2 protein chains.
Amino acid sequence: MPPARANDHSGADVFTDMSCLHLPLGLPLEEIPELHDAETFTLLRKDEVLFEQGTPFAGLFLVRSGSLKQVSTIHGGDPLVMAYAMPGDLVGLDAIGQNVYPGTALALETLTVSVLSQERVSELGAQVPELRQQLCRNLSQEVHDERLMLRSLLHRTAVGRLAYFFVAMSMRFRRRGYSPTQFRLALSRSDIASYLGLTVETVSRTLAHFHKQELLKASGRDFHILDLDGLIRLAESSGRRGGR
Amino acid sequence: MPPARANDHSGADVFTDMSCLHLPLGLPLEEIPELHDAETFTLLRKDEVLFEQGTPFAGLFLVRSGSLKQVSTIHGGDPLVMAYAMPGDLVGLDAIGQNVYPGTALALETLTVSVLSQERVSELGAQVPELRQQLCRNLSQEVHDERLMLRSLLHRTAVGRLAYFFVAMSMRFRRRGYSPTQFRLALSRSDIASYLGLTVETVSRTLAHFHKQELLKASGRDFHILDLDGLIRLAESSGRRGGR
DNA sequence: AATCGGCCATGACAGCTATCAACTTACGGG
DNA sequence: CCCGTAAGTTGATAGCTGTCATGGCCGATT
């Protein structure tokens, strides 16, 4: 655990580790100068939307502080929590397919982002062609990781899903230079449940179970991982469906 | 609510949108001449592998006849069926992230593919820069669709998952110009189960259920959809997890 | 300070599905 | 033609988890 600090842009090739379980579309492309010295900061308060599902692509956003969730609604059904973005994550990349944002980005708390407008993105893409390629690669990589994660979640029980979730979160925080064992998630239980395909009650019960097993202590939205290896073990083995 | 329009992706129903649920990485990019007059055909018999998980990217493959499945193994766990490719599908695109094939491609029956070697791909990418972009877009699109599908599958019961599966298959066949109500899948029940995160028994029972309801008749690997609308209704509503 | 409402936890119960097991069917080889 | 193995089906059972209902906790508003 590198004793990194809050606004850590060190971006030193973080991707050497297969970036397993990289939930949102976060990229280590913070070397883009435009993202740093930009006075193009935006501030949002809780529950304010950064962009809405279905609106045309307007730009990318780098989370500076706070966090947001991305939710997609199918068909007027329930909105599904698709991703959680924390400081350092780049948001909006998944709009490149349709030139439309596939989900609504909603601030979970006071949030500041720096904006990379569409024009700026195009410019950059033209100026530095390898950037586009790099972006594409990273997107592809992330998205593939997530696909794998989702497929294995399909085969896992609630215990396995939540273990997987916290292991993933732990890795993300570690990568960002924060403590991998103690962190705060702005997501509600309900958000977590939606994200994992469970119900609030099951999430609650499973957290209580983890607590009893001395694996993870949750109080409100603060989490303290006591036995990461135990969680990893659960995440890997605790699937019950379609074993073989 | 914004006047949802072409932004369907979200709003509009997932099924009318053609590209949704496009299980494998199939692209309509058959305009590439190299793919047509290529004498670079390869023939594989059942159970032979086209490429193995973890091997470096060597090229793309266009399925000409037969079909294959792509399976990924995590951690020495059970192999998961990730995708099913039928004639017209382009396979191997998901290797661009890591330059490594993320899964093993296995022929489900006698299979012919035309090969687009890595060099050829690079050449083409250089010659026609918009091709690369197009490819990237399509990949992104597909992968996002699949992400949405997987997330909603997480919230669905066996009935919902299988209904979803067959509706998706129906769409794919329709897109390819085949009958959307009668088709043959080379996938075994076990493959389908793995693909959907269920067990063989549940798949079997659910198919029997569909049969009784006059929704879908399955005999062996031949499927005959009797009530597509009914299946769509099930696919959309038959989720039980995390309602709100 | 009191109240209201959202979030969270917990219990009871029912429904769904994995598991185990037995059986049938399909298919390929001797 | 018979048999052996794999694939598919069906049944019984147990376990997990969704649903419904209750109560506590906390923050926000009055």
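Remember, predicted model here, so these are calculated numbers, not experimental data.
Thr181(A) is linked by a side-chain contact (heavy atoms from CB on, under 4.5 Å) to Ser179(A), Ile225(A), counting only residues two or more places apart in sequence or in another chain.
Distance Leu162(A) CG to dC8(C) C1': 15 Å, rounded to the nearest Å. As rounded to whole Å, 18 Å separates atom P of dC16(C) from atom CG of Leu198(A). One atom, CG of Leu234(A), and another, P of dC16(D), lie 13 Å apart when rounded to the nearest Å. Taking atom NE2 on His155(A) and atom C1' on dC16(D), their separation rounds to 17 Å, with Å as the unit. Summarising the geometry, the separation between CG on Leu154(B) and P on dT17(C) is reported as 14 Å, rounded to the nearest angstrom. If you take CZ of Arg156(B) and P of dT17(C), they are 13 Å apart, rounded to a whole angstrom.
In this structure, the nucleotide among dC20(D), dT10(D), dA7(D) sitting nearest to the side chain of Glu201(A) is dC20(D). Which of dT9(D), dC16(C), dA9(C) sits closest to the side chain of Arg189(A) comes down to dA9(C).
For Arg221(A) and dC8(C), the shortest distance from a side-chain N or O to OP1 or OP2 is below 4.0 Å.
Side-chain atoms of Thr112(B) never come within 3.5 Å of backbone atoms of Arg64(B) as a donor-acceptor pair (strictly under, hydrogens ignored).
Leu187(A) CG to Arg221(A) CZ: the interatomic distance, rounded to the nearest 0.5 Å, is 8.0 Å. Remark: Thr104(B) OG1 to Leu68(B) CG distance equals 11.5 Å, nearest 0.5 Å. Met149(B) CE to Glu146(B) CD: the interatomic distance, rounded to the nearest 0.5 Å, is 5.0 Å.
Within residues 202-216 of chain B, the residues that place at least one heavy atom under 4.0 Å from DNA chain C are, in residue-number order, Thr202(B), Arg205(B).
The aromatic rings of Phe57(A) and Tyr101(A) are tilted relative to each other, their planes meeting at an angle between 30° and 60°.
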